[in-house]
2 protein chains.
Amino acid sequence: MKRITIYDVAKEADVSLATVSRVINGSEVVREDTRIKVQEAIEKLGYKPNAIAQGLALSKTTTIGLIVPEASYFYTGQIINGLIDVAKIYKYNIMLHTTTEGITEMNDIIENIIKSRVDGVVIFNDKLNKEELNQLTRYQVPIVVIGNRMSDETVGSVYVDYAKLAFDYACDCIKQGKKQIALIEDRKNPAMIKQLREGLTRAFEENGMTFENYIEIPKEYRSSYLFLKEYLTKENRPEVVITYRDSQAMAVMNTAKEAGISIPEEMELVCILDSKYNAMARPQISGFKIPDYDLGAVAMRLLTKMLHEENEVSDKEIELSYIFTPRKSTK
Amino acid sequence: MKRITIYDVAKEADVSLATVSRVINGSEVVREDTRIKVQEAIEKLGYKPNAIAQGLALSKTTTIGLIVPEASYFYTGQIINGLIDVAKIYKYNIMLHTTTEGITEMNDIIENIIKSRVDGVVIFNDKLNKEELNQLTRYQVPIVVIGNRMSDETVGSVYVDYAKLAFDYACDCIKQGKKQIALIEDRKNPAMIKQLREGLTRAFEENGMTFENYIEIPKEYRSSYLFLKEYLTKENRPEVVITYRDSQAMAVMNTAKEAGISIPEEMELVCILDSKYNAMARPQISGFKIPDYDLGAVAMRLLTKMLHEENEVSDKEIELSYIFTPRKSTK
DNA sequence: CTGAAAGCGCTAACAA
DNA sequence: TTGTTAGCGCTTTCAG
């Protein structure tokens, strides 16, 4: 079965291919009866325009590239969902790329993206560095970065200010007299953790103290749980523990229970990236609602704006806010 | 900055564009010194072949379409990961499409897929029915379905036999004298649940009984937890509860605890789709390790096979197996 | 309002 | 071994 083309439709409707093209693209200048004639031919033959050929002719693909970390957390999924939902509205397709931890295949991905001539790129990834970003901008591909604040001529960003989050929360704690605050490392998300640490450090400094309770999980431990099991004791426990991910919060909760530390009475626990699992733990774990879905949606919206608007988009750094959800693991 | 094309390279290297094309595609018949000359020109100009133009010329895109449900569970993420990992090996790109619950936008997606002329499609989705599948095969797009056993000329599938899983497990239980087995509904995955139900039903029948403990969550309840809270009591409790998802297992665990039912002594609990969260619960929840990553990887491998092989691929229905992981919620 | 024809960038016979 | 040229399917001036 030969794939049917615009020529077939033209022949069937007894018009030129230019006319067919016009009705496909909803051009105004086609007489009603010829339009109908063409539409009938399209219907009859089951013709579908070839997006590849259109892409070639127009030098645009109406697809955008999306780069996300391979680690498939719920969070990433939500970002993708948000992204896709608004991409659908604007008829954009998504070309999905993932980066494996550790391996420097970023260049392959960039190469790929350039070759596939996507109209724009959204990047949610710690691993892309400035230089690689430059490589992309050199090919004038508009880019929106999720998670890091940055922008230039062809780069925009959507992010949450984790430093501020940590700063504000720590200040609150300190005001209430809770000064033993610990932050647990998460190697998977160095950039976020760095921001949190900055916020905590600044909060302590502004209160005339120094933050020094950054708990690193030694590499030889296969999980946070195994380390915390030895680390946390009734005697050696912070007043407030902050984790980035729900799984770490659960690890803290489990080890605390085993060590006979009661939460929240003897130790409070808060998870930055809130999830439904936090609500399923007992006691339920307090967390910050980070607007994951919106990060994706807003990023895509920004990108389309950059793609469509002639003159440069004015506001290319968009900060999204979070909401603290107190549950049972904090007083 | 004009995008540089094969013509620019040809001019720079002082050869014809055909020669440039040959070195790009690694044709054997190019003299070494001209090859080098061309390669230098490519390097100098920073030329990247336009995949769109290649696609048009070759009538193939080296991209495949992937349709997944929007609900972003860890499970889906793993499937995508597996898919992408092998897609990378074979240099295929991924066009990602998601289906929103309820809305019949499946036709839009199919339309889109056909227009974009992907070489093949992988579908992990309950919602695609036979008719829509036919629509795709009519356009001779090779398809691999994840989750449902089926195949025909251009369709293959990779799946786990949930019916067998449920059957075997139920038989074991019955053999041990545990006859009060309950299965909890999961509206999000009707197809899987249907299979599980079939397996249970058959197991009971073959043992001269009937399975009637299918717990439906009434629509007016916003979560399984809220319903189970009323439903489960010390008096009214099955001996074994089977859930599909970790979140439902956690809901059972929490409500059981609140009702004073001890797990596993008074009631056993097993989750079909195992996850790391099951291991974080206390007591840890037993589950079946479903090969999520492999489902994606094998599906992609099968698709490439269908794409490359001249003669029809012989074995287009691939069953993957699961492993029971006993933990603390079962005896 | 419609048609003819020149690209869009690349591949693949076919010649040379 | 290399160059010439005819498509691949569609859009878009430019004429008519």
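Numbered from 1 within each chain, the chains take letters A, B, ... in sequence-line order. Just so it is clear, the structure is predicted and the values come from calculations on it, not from any experiment.
At distances below 3.5 Å, at least one donor-acceptor pair connects side-chain atoms of A:D8 with backbone N or O atoms of A:T5.
You'll find that the side chain of A:R31 is closest to C:dC1, out of C:dC1, D:dC8, D:dG9. Which of D:dC10, C:dT2, C:dC10 sits closest to the side chain of B:L17 comes down to C:dC10. Out of D:dC10, C:dC10, C:dG3, the shortest distance to the side chain of A:Q54 is found at D:dC10.
With sequence neighbours left out, A:K88 forms a salt bridge (charged side-chain N to carboxylate O under 4.0 Å, His left out) with B:E105.
Looking at every heavy atom in both residues, A:L17 comes nearest to A:I6 through O-CD1, 3.7 Å. The shortest non-hydrogen separation linking A:R3 to B:Y139 is NH2-O, 3.2 Å.
Of the two residues near DNA chain C, A:S16 and A:S59, the one whose nearest nucleotide lies more 5' is A:S16. When each of B:Y47 and A:D14 is assigned the nucleotide of DNA chain C with its nearest heavy atom, A:D14 is the one assigned upstream, toward the 5' end. Judged by closest nucleotide on DNA chain D, B:D33 is the one of A:A51 and B:D33 placed further toward the 5' end.
Residue A:I114 contributes atom CD1, which lies 16 Å from atom P of C:dG9 at whole-angstrom precision. In this structure, CD1 of A:I42 is placed 10 Å from P of D:dC10, rounded to the nearest angstrom. Whole-Å rounding puts the A:L58 CG to D:dG9 P distance at 16 Å. As a whole-Å value, the separation of A:K115 NZ from C:dC8 P is 22 Å. The separation between B:K48 atom NZ and C:dC10 atom P is 13 Å, rounded to whole Å. Distance, A:I4 CD1 to D:dC8 C1': 15 Å, rounded to whole Å. The separation between A:I52 atom CD1 and C:dT11 atom C1' is 15 Å, rounded to whole Å. Counting to the nearest Å, the C1' atom of D:dC8 and the CZ atom of A:R3 are 13 Å from each other.
Note on B:Y7: every side-chain N or O is 4.0 Å or more away from OP1 and OP2 of D:dG3. Distances shown here put every side-chain N or O of B:T5 at or beyond 4.0 Å from the OP1 or OP2 atom of C:dG9.
Within a heavy-atom distance below 4.0 Å of DNA chain D, the residues of residues 18-26 of chain B found are B:A18, B:T19, B:R22.
Classified by interplanar angle (parallel below 30°, tilted 30° to 60°, perpendicular above 60°), the ring pair A:Y75/A:F124 is perpendicular.
To the nearest 0.5 Å, the span separating CD1 on A:I146 from CG on A:L66 amounts to 7.0 Å.
In this structure, a donor-acceptor pair under 3.5 Å is present between the side chains of B:E317 and B:S151.
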